[in-house]
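First the proteins, then the strands, lettered A, B, ... as listed; each starts at 1.
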Number of protein chains: 2
Amino acid sequence: MPSLRIGALAERAGTNAPTIRYYEEIGLLRPADREVGGQRAYGEEDVKRLTFIRRCRDFGFSIEQVRSLVALVEDRERSCMEARDLAQEHLAAVRAKLDELKGLERSVVSFIASCDASCAGGPGPDCAILDDLTKP
Amino acid sequence: MPSLRIGALAERAGTNAPTIRYYEEIGLLRPADREVGGQRAYGEEDVKRLTFIRRCRDFGFSIEQVRSLVALVEDRERSCMEARDLAQEHLAAVRAKLDELKGLERSVVSFIASCDASCAGGPGPDCAILDDLTKP
DNA sequence: GTAGCCCTTCAAGTCACTTGAAGTTCAAGA
DNA sequence: TCTTGAACTTCAAGTGACTTGAAGGGCTAC
């Protein structure tokens with residue numbers, strides 16, 4: 001059975017070597033087997049698990065949430081619905097962030113519009129917008 | 001002239017004391033004058049400046065961007081359009097983040113939908129979704 | 001043998017603060 | 001005047017999720 005070194009695993013799972021060592025350090029990945037020279041050796045199981053972790057991270061799950069999800073995968077006695085619930089909670093957080101960011105977008109757009117309207121074109125010392133921002 | 005202490009300044013500007021000390025430490029605020037007992041003393045100028053900084057931060061500008069904006073405010077010889085340009089760049093970043101987050105929202109929604117469809121209701125050991133996430 | 005890459009560990013840096021510990025100063029009430 | 005308690009002081013370390021750097025060891029190919 002061909003064993004992978006850290007760089008190969010990283011490529012297969014779409015991440016990088018330091019991140020893998022970091023995941024091992026924080027206990028998200030089990031400590032890797034070692035080859036004679038002390039280098040980490042991985043197999044297909046590790047590719048699966050790391051791919052899972054990376055996708056969860058891509059989904060925006062926090063490390064702690066990923067830890068829960070990994071536990072759910074490991075322990076199949078527990079309900080898949082637990083994963084769903086976690087995802088549901090996460091969705092609420094994503095949507096909150098989304099709303100916040102939309103508000104921010106509107107603000108910045110109107111900042112730019114005001115700039116265009118009041119300072120249009122010239123390098124003048126009287127910027128109404130910057131003044132506004134300092135008002136109480 | 002009544003001078004403010006750090007807590008009062010914090011309240012006036014909508015932030016808090018440790019943050020003000022932090023801003024001073026990183027050079028975003030000038031070192032404060034001190035009263036006899038060594039406590040920081042602030043005036044109206046400081047309220048304006050900190051308010052400006054806080055609003056920029058609320059707008060999602062990074063500390064380094066705020067540093068540039070502060071410099072623009074201090075040096076009125078330079079164009080207000082520079083501030084506009086900075087804001088424009090920032091808007092692009094906000095929109096990129098927004099798109100990313102929208103994609104994420106869609107993914108999580110469909111994750112949940114699949115969960116509902118394939119594992120509906122039961123605490124079973126066969127979760128198609130979790131399986132999917134581990135595929136290469 | 002030697003070049004060049006990949007690997008190892010450990011430590012520190014990133015961002016924008018927040019939290020905690022231990023001590024000092026100030027304003028107000030008894 | 002004394003005391004209480006809030007607000008202040010400094011310095012250090014913690015947060016999240018890595019990234020970057022230093023200093024060295026191992027593997028493969030020529």
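Applying the ring pair (Phe, Tyr, Trp, His ring centres under 6.0 Å) rule to Y22(B) yields no partners; only residues at least two apart in sequence or on another chain are considered. Remark: F61(B) pairs with H90(B) by the ring pair (Phe, Tyr, Trp, His ring centres under 6.0 Å) rule, at least two apart or across chains.
Between R21(A) and dT8(C) there is a side-chain N or O to OP1 or OP2 distance below 4.0 Å. Within the structure, every side-chain polar atom (N or O) of R40(B) is placed at least 4.0 Å from both OP1 and OP2 of dC8(D).
Atom pair E11(B):CD and dA6(D):P shows a separation of 16 Å (rounding to whole Å applied). Computed from coordinates, the L4(B) CG to dC26(C) C1' distance equals 16 Å when rounded to whole Å. Between L28(B) atom CG and dC15(C) atom P the separation is 14 Å, expressed in whole Å. Here dC17(C) presents its C1' atom at 10 Å from CD of E25(B), a figure rounded to the nearest Å. Spacing between atom CZ of R67(B) and atom C1' of dA16(C) amounts to 12 Å, rounded to whole angstrom units.
R21(A) and E24(A) are not joined by a salt bridge, as no carboxylate oxygen comes within less than 4.0 angstrom of a charged side-chain nitrogen. Taking the charged nitrogens against the carboxylate oxygens, K102(A) and E105(A) have no contact shorter than 4.0 Å, which rules out a salt bridge. Remark: R54(B) engages D58(B) in a salt bridge, criterion side-chain N to carboxylate O under 4.0 Å. Using a 4.0 Å cut-off between a side-chain N of Lys or Arg and a carboxylate O of Asp or Glu, E11(A) and R5(A) do not qualify as a salt bridge.
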- Can you give one letter per nucleotide of nucleotides 12-27 of chain D, going 5' to 3': B for a protein heavy atom under 4.0 Å from the base, S for sugar-phosphate only, - for none? -----BBSB-----SS
